2 protein chains.
Amino acid sequence: MKILVVEDDQFHASFLQGVIAEALPEVTETLHVQDGLQGEAAARAGRFEAVVMDLQMARRNGIEAARTIWHERPRTRILFWSNYSDEAYLRGVADIVPAHSAYGYVLKTASRERLKLVLRAVLLEGQVMMDREIQRLRRRSASPRHSLSQSEYAVLLDLALGLQDRLIAERQGLSLRTVQNRLLTLYDKLGVNGEEQALPGLNKRVRALSRAISTRTLNLERLETAQHDLECWLAARPADEKAPPTQGADGAL
Amino acid sequence: MKILVVEDDQFHASFLQGVIAEALPEVTETLHVQDGLQGEAAARAGRFEAVVMDLQMARRNGIEAARTIWHERPRTRILFWSNYSDEAYLRGVADIVPAHSAYGYVLKTASRERLKLVLRAVLLEGQVMMDREIQRLRRRSASPRHSLSQSEYAVLLDLALGLQDRLIAERQGLSLRTVQNRLLTLYDKLGVNGEEQALPGLNKRVRALSRAISTRTLNLERLETAQHDLECWLAARPADEKAPPTQGADGAL
DNA sequence: GACCAAACTGCGGGAACCCGCAGCATTTGT
DNA sequence: ACAAATGCTGCGGGTTCCCGCAGTTTGGTC
């Protein structure tokens, strides 16, 4: 069994390798690389079936790297291992995991024993497994009032990228008014309206993004992958729609 | 000599303590705490004159903790030690360091030797010292075109918090139009206008925040302290101004 | 089918925003 | 001392945004 470790912190990497050696004696080869880009290349070249992936790395973050890897080899088992339990990471992972894939999510603060357990469960047995705290967060964010639905989150991402209503509508295949309705519920669920009445004079749109970040509903990594998605979508979009029915500013006067 | 270590990662903390023992034999007592809040309390109780402070911690981040500590004992020598060289951290530190204080900024990727050097220079000799890479970033961000002036950055923070123009103007003591001019130059320097012409349909205001975060001009920690500042300012503000010349929505009818 | 709830859509208006234009104040260079 | 440069400000208009109101579709229950 071959295993790939993608982790940019040397201390965590060496600790992890120690635990792997102890928990998985059936490992014959481990490769350690320092960032997402190298991780993708190594996975491609080495045909690893098991990966331990840090999120939050330079050059390419763990979620994007995992997406690439899964895109090329959907059966790969990936254990995400991170310092933080941001909702943004959970949604990011949930968005890219292929059907029937084995994966897991552990916090770096987990005990050595728990880490060993999860390593075996996910990488060897092919289970799906999450840290306790992650499970708790997941349950909470599936709760009633404050949690965002799939489509609301998608609109939030578009908002965060700075698209205006019209473009969001186009991208999500909704009417303009519906997008605005979504935004309303977003403002509600993110607590913007609540603050607004205490302090009038907020730009709700910006405040929504601000709060999404403060509450870790969004983070830098998620924003990066969303930006990447946007660029792909833009490239694939037929060029006609780029010019809304305003006077043409390209070509003839 | 007593030294306080504020660091939430156990591996980094133990590595650091090893290096301290080696580099600073004159240390008689080291205390290690796990987050900013404990750090403030420990500094208050223990009267440490030397602190090594991680940024990016739970509960209270390193910059806020340092501000509190310096506020109470301005002579304290603080060495910031972080994984990242975000511009946001640099500005955050620069904003709170008192005159004539000794401080430093090292990256966690620095070599053991360099770390020892900086430890001695800052905590023992009272020098001001930065990591090479930090220096480079600092020089670059003092450059002409793309860097933000002090006041522009202040406006960016207010924008990021979701204030609308009128409130920003009030807070910065500027006219409305001037604030909008600042925003224009912000859009320019953050590259929003450049993108706009490639892809019309951006909400510049949100996009500015989005880019500020992508480029690490802003980050979660800086946003948190800005939010904290805002709340203080709101509390200190005379209540009259809260109601702009709209029909009063408080009290009568 | 009757009914209801929830989501979606169009309309319209008031507020906020983006920004060109032009007038003043201070600073700086020669 | 004059001029050019830079920063601050008011005015006006075109656009986007926020959102109440009302009408339509969807999906489910009785």
Side-chain angles (χ1 to χ4, degrees), chain A residues 144-145 148-156 158-197 199-211 243-247 249, chain B residues 144-145 148-156 158-197 199-211 243-247 249:
Chain A
R145 215 125 307 264
L148 306 184
S149 76
Q150 198 77 14
S151 65
E152 284 164 348
Y153 196 78
V155 171
L156 174 59
D158 282 350
L159 178 148
L161 292 173
L163 305 188
Q164 50 184 212
D165 297 0
R166 185 165 31 85
L167 259 188
I168 302 180
E170 182 187 338
R171 189 152 180 233
Q172 304 288 333
L174 301 173
S175 88
L176 213 135
R177 191 61 182 89
T178 303
V179 169
Q180 295 173 338
N181 276 335
R182 285 248 199 294
L183 291 177
L184 286 192
T185 75
L186 270 180
Y187 299 155
D188 249 353
K189 293 189 176 176
L190 290 171
V192 176
N193 284 326
E195 297 176 314
E196 169 77 15
Q197 75 180 37
L199 164 67
L202 288 182
N203 181 313
K204 303 202 171 185
R205 213 176 172 85
V206 178
R207 186 63 186 172
L209 172 52
S210 190
R211 282 202 56 88
T246 319
Q247 275 84 338
Chain B
R145 219 140 282 283
L148 306 184
S149 75
Q150 197 78 13
S151 65
E152 284 164 348
Y153 195 78
V155 171
L156 173 60
D158 283 350
L159 179 150
L161 292 174
L163 304 189
Q164 48 185 210
D165 296 0
R166 185 166 33 83
L167 260 188
I168 302 180
E170 181 186 338
R171 189 151 181 236
Q172 305 289 331
L174 301 172
S175 86
L176 214 136
R177 189 61 182 90
T178 302
V179 169
Q180 295 173 338
N181 275 336
R182 284 251 201 294
L183 290 177
L184 287 192
T185 74
L186 271 180
Y187 298 155
D188 249 354
K189 293 190 177 176
L190 291 172
V192 176
N193 284 325
E195 295 175 314
E196 170 76 16
Q197 74 179 36
L199 163 66
L202 288 183
N203 179 313
K204 303 201 173 186
R205 212 175 173 85
V206 177
R207 186 63 186 173
L209 173 52
S210 189
R211 283 203 55 87
T246 320
Q247 275 85 339

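Residue numbering restarts at 1 for every chain, and letters A, B, ... go by the order of the sequence lines. This is a predicted model, so every value here is computed, not measured.
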Listed by chain and number, what are the side-chain hydrogen bond (donor to acceptor under 3.5 Å, both in side chains) partners of [X], not counting sequence neighbours?
| X | answer |
| --- | --- |
| B:Gln197 | none |
| A:Asn203 | none |
| B:Asn193 | B:Asp188, B:Lys204 |

| request: Could you list the residues that satisfy side-chain contact (heavy atoms from CB on, under 4.5 Å) with A:Leu184, not counting sequence neighbours? | output: A:Asn181, A:Tyr187
| request: Mind checking side-chain contact (heavy atoms from CB on, under 4.5 Å) for B:Ser175 and listing every partner two or more places apart, or none if nothing turns up? | output: B:Arg177, B:Thr178
| said: Which residues pass the salt bridge (charged side-chain N to carboxylate O under 4.0 Å, His left out) test with B:Arg182, not counting sequence neighbours? | reply: none
| field | With sequence neighbours excluded, residues passing salt bridge (charged side-chain N to carboxylate O under 4.0 Å, His left out) with B:Glu195 | value | B:Arg207, B:Arg211
| task | Identify the two heavy atoms, one from A:Leu163 and one from A:Arg205, that lie closest to each other, and give their separation to 0.1 Å. | result | O-NH2, 3.0 Å
Kindly give the atom pairs (protein nitrogen or oxygen, nucleotide nitrogen or oxygen) under 3.5 Å for nucleotides 23-26 of chain C.
none

| message | Using five base pairs at each end to define the local axes, how bent is the helix from C:dG1-D:dC30 to C:dT30-D:dA1, to the nearest 10°? | response | 30°
| query | Given D:dC19, is OP1 or OP2 found less than 4.0 Å from the side-chain N or O atoms of A:Lys204? | reply | yes
| query | Hey, are the side chains of B:Leu156 and B:Leu148 touching, using non-hydrogen atoms and a 4.5 Å cut-off? | reply | yes
| remark: Nucleotide by nucleotide, nucleotides 6-12 of chain D touches protein heavy atoms under 4.0 Å in the pattern (B base, S sugar-phosphate only, - none) --SBBB-
| query | To the nearest Å, how far apart are A:Asp158 CG and D:dC17 C1'? | reply | 17 Å
